[in-house]
Amino acid sequence: MILMDNVIREGHPTLRARAKELTFPLSKEDKQLGQDLMEFLINSQDPELSEKYDLRSGIGIAAPQVNESKRIFALHLPDDSDNPLSFVAVNPKIVSHSVEKTYLTNGEGCLSVDRNVDGFVPRHARITVKFFTLDGEEKKMRLKGLQAILFQHELDHLNGVMFYDHINESNPFAEVPNSQPIVNN
Ligand code: 4LI
Ligand code: NI
């Protein structure tokens, strides 16, 4: 079971490395890693379990954040919305994206960053993605809004990119041209 002690924090070199592609069929260890990443997110969103194990709540986590430099991440968005999202993605990629941008007006947080970093993080508003499931099935889907932001945040982790790399240095709240901001969530 993944605990916060297993989550590496900014400054660790693994967070700045390009993670390695996985090959199919996945090893038992790689399948387990995918399941553990998903279990962490589910536990972290459960009030009792997050308290019991002192987990910080997250909706996405990537393997490099547990010091496994592999191209795999989990996303789990609470299904109080009309559009729940929950999957593990192996060797994910963005095949096309909108010109229009988006960002969370409240900024982004990250399980590997123990401080508040203010500022807008410009993201593609809509993306078409491809990835493989743990069973080696290829998936293609279109994501928008918070789901698209989340996918891009986790894909960045596989490329050694942190969310604050995208924040305008001279003015963190500079207007993002051609964007539809997402207020809250
Ligand atoms: C408790 C139980 C306000 C501040 C609003 C909390 C269950 C921030 C937003 C959660 C912010 C759950 C989140 C992310 C932001 C902020 C991630 C609360 C957990 C909202 C997830 C990866 C960016 C993802 C919208 C600095 C750990 N998550 N909020 N960003 N939630 N959560 N990110 N932004 N300002 N980070 O953090 O999982 S993509 Cl579900
Ligand atoms: Ni992160």
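As the structure lists them, so they are numbered: ligands from 1, and atoms in each ligand from 1. Residues: numbered from 1 along the sequence shown.
Heavy atoms of other residues, nucleotides or ligands lying less than 6.0 angstrom from OH of Y53 number 12 at most.
The shortest distance between side-chain heavy atoms of L77 and Q147 falls below 4.5 Å.
Comparing heavy-atom distances from atom 34 (N) of ligand 1 across G109, G107, G58, G60 singles out G107 as nearest. Taking only non-hydrogen atoms, the option from L75, V113, N106 nearest to atom 16 (C) of ligand 1 is N106.
Numbered from 1 in the order shown, with element, the atoms of ligand 1 that lie under 4.0 Å from a heavy atom of N116 read 26 (C). In the vicinity of E154, heavy-atom distances shorter than 4.0 Å reach the ligand 1 atoms 22 (C). For ligand 1, the atoms closer than 4.0 angstrom to any heavy atom of L150 are 22 (C), 39 (S).
In terms of polar-atom proximity, defined here as any N/O pair under 3.5 Å, V117 makes no such contact with ligand 1.
Closest of all the heavy-atom pairs between T102 and A125 is CG2-CA, 3.7 Å. What you find for E154 and Q65 is that their closest heavy atoms are OE1-OE1, 3.6 Å.
A cation-pi arrangement is not found for R71 relative to F131, the charged atom failing to lie both closer than 6.0 Å to the ring centre and inside a 45° cone about the ring normal.
Residue E108 touches ligand 1 through backbone and side chain together, judged by heavy-atom distances below 4.0 Å.
If you put the vertex on the Ni ion (ligand 2), NE2 of H157 and NE2 of H153 sit 100° apart, to the nearest 10°.
Under the 4.0 Å criterion applied to side-chain N and carboxylate O atoms, D165 and R16 are assigned as salt-bridge partners.
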